[in-house]
Amino acid sequence: MRNAFRCFRGPVMESVLRFYYRTRSLLRPLRAAWRLAHALLLLKLVDRRWRRRRPQARHALPAPLIVSLTSYPPRFHCLASSLKCLLMQSVQPDLVVLWLAPDDRNLLPANVLALQGAGLCIETCADTGPYKKLVPARERWRNAFIATADDDVFYPHTWLAELIAGWAPERLEIPCHRAHAMTLSGDRTPAPYAHW
């Protein structure tokens, strides 16, 4: 913050900065409480929508549609809610597959295991970090449309339908909701991710 105001020097700016830092530290506990309340509200909303699931439309893609994601134990506490969001999309995928490292499967909570009856497929593969959600799915279903998802996001029910709507067979593009343009450094190698 100080660097943003370095062109403004003087006692007025210093007092503004002191006030900012003092206020920021006083509001930190309130921000944490707000984040917790927001997370609990989202969990309740997802559970309510899960109990009142609506029929899903079939996709019209010319090949199977797979939703693929991975997770690991520190995220297992919010995994069931993310999976429910993916399982109740307005367009039904052919498969929602969760890829885990072999040692992590035995650590899954019961609320995640219970989702297998609702269309979740749980698979194990080599622990390649975040690549687990794409590489094994691509190897197993070579001609499928694969939508990758994160394990700590609450997806709106139109997330998958919007991805499908972004696909056109004549375009060599990968539809997505968010992307970063890769930036190259002076030696033409990728710059650090924070600079993209």
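Quantities reported herein were computed from a predicted structural model and do not represent experimental measurements.
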From Ile66 atom CD1 to Leu95 atom CG, the distance as rounded to the nearest 0.5 Å: 4.5 Å

Reported CG-to-CG distance for the pair Leu107 and Leu100, which is rounded to 0.5 angstrom: 9.5 Å

Inter-residue atom distance Arg51.CZ - Asp47.CG, 0.5 Å rounding: 6.0 Å

Single-linkage hydrophobic cluster, 4.5 Å side-chain cutoff, Leu83 and Val97 together: no

Shared hydrophobic cluster for Leu36 and Val153 (ILVMFWY, side-chain gaps under 4.5 Å): yes

4.5 Å side-chain heavy-atom contact, Leu87 and Val67: no

Distance-minimising heavy-atom pair for Met88 and His157: O-CB, 4.0 Å

Gln116 side-chain N/O to Leu113 backbone N/O, donor-acceptor pair under 3.5 Å: yes

Electrostatic pair Asp94:Arg58 at N-O distance under 4.0 angstrom: yes

Check: Arg171 side chain, Gly166 main-chain N or O, donor-acceptor pair, under 3.5 Å: yes

Arg53 charged N/C atom sitting above Trp50 aromatic ring, 6.0 Å / 45°: yes

Lys133/Asp151 salt bridge by N-O under 4.0 Å criterion: no

Shared hydrophobic cluster for Ile146 and Ile174 (ILVMFWY, side-chain gaps under 4.5 Å): no

His59 to Val91 - nearest heavy-atom pair and separation: CB-CG1, 3.6 Å

Side chain Arg138, main chain Arg142, donor-acceptor under 3.5 Å: yes

Full working for ring-ring contact (aromatic ring centres under 6.0 Å, His included) between Tyr193 and His180: CA-CA 9 Å; Tyr193 181 71; His180 297 278; 5.4 Å; yes

Arg105 (side chain) donor-acceptor with Pro102 (main chain) under 3.5 angstrom: no

Sequence neighbours excluded, every pair satisfying ring-ring contact (aromatic ring centres under 6.0 Å, His included) that has a member inside residues 25-45: Trp34-His38

Heavy-atom donor-acceptor pair, Thr158 side chain to Glu162 backbone, under 3.5 Å: no

Working for side-chain contact (heavy atoms from CB on, under 4.5 Å), residues Leu108 and Leu79: CA-CA 9 Å; Leu108 278 174; Leu79 180 57; 4.0 Å; yes

Nearest heavy-atom neighbours spanning Leu86 and Ala149: CD1-CB, 3.8 Å

Pair Leu45-Phe154, side-chain contact (heavy atoms from CB on, under 4.5 Å): steps then yes or no: CA-CA 10 Å; Leu45 179 65; Phe154 293 144; over 6 Å; no

Validation row: Leu98, Leu120 side chains within 4.5 angstrom (heavy atoms): yes

Enclosure of Arg49 CZ (heavy-atom neighbours >12, cutoff 6.0 Å): no

Ser81 and Leu42: CA distance, side-chain angles, deciding distance, side-chain contact (heavy atoms from CB on, under 4.5 Å) verdict: CA-CA 9 Å; Ser81 294; Leu42 282 174; over 6 Å; no

Nearest non-hydrogen partners of Leu163 and Ala147, listed with the distance: CD1-CB, 4.1 Å

Heavy-atom closest pair, residues Phe145 and Pro62: CE1-CD, 3.8 Å

Listed once per pair and sorted, the ring-ring contact (aromatic ring centres under 6.0 Å, His included) pairs that draw on residues 76-122, sequence neighbours left out: none

Approximate separation, where rounding is to 0.5 Å, of Lys132 NZ and Asp127 CG: 4.0 Å

Thr183 side chain to His195 backbone, donor-acceptor under 3.5 Å: yes

Backbone of Leu160 reached by a side-chain donor or acceptor of Gln89 within 3.5 Å: yes

Which atom of Ala80 lies closest to which atom of Leu115, heavy atoms considered: O-CD1, 3.8 Å

Side chain to side chain donor-acceptor pair (under 3.5 Å) partners for Asp104, two or more places apart: none

Value rounded to 0.5 Å, distance of CH2 in Trp159 from CD1 in Ile164: 9.5 Å

Distance in Å, Asp150 CG paired with Thr70 OG1, rounded so as to fall on 0.5 Å steps: 10.0 Å

ILVMFWY cluster, Trp141 and Leu69 together (side-chain gap under 4.5 Å): no

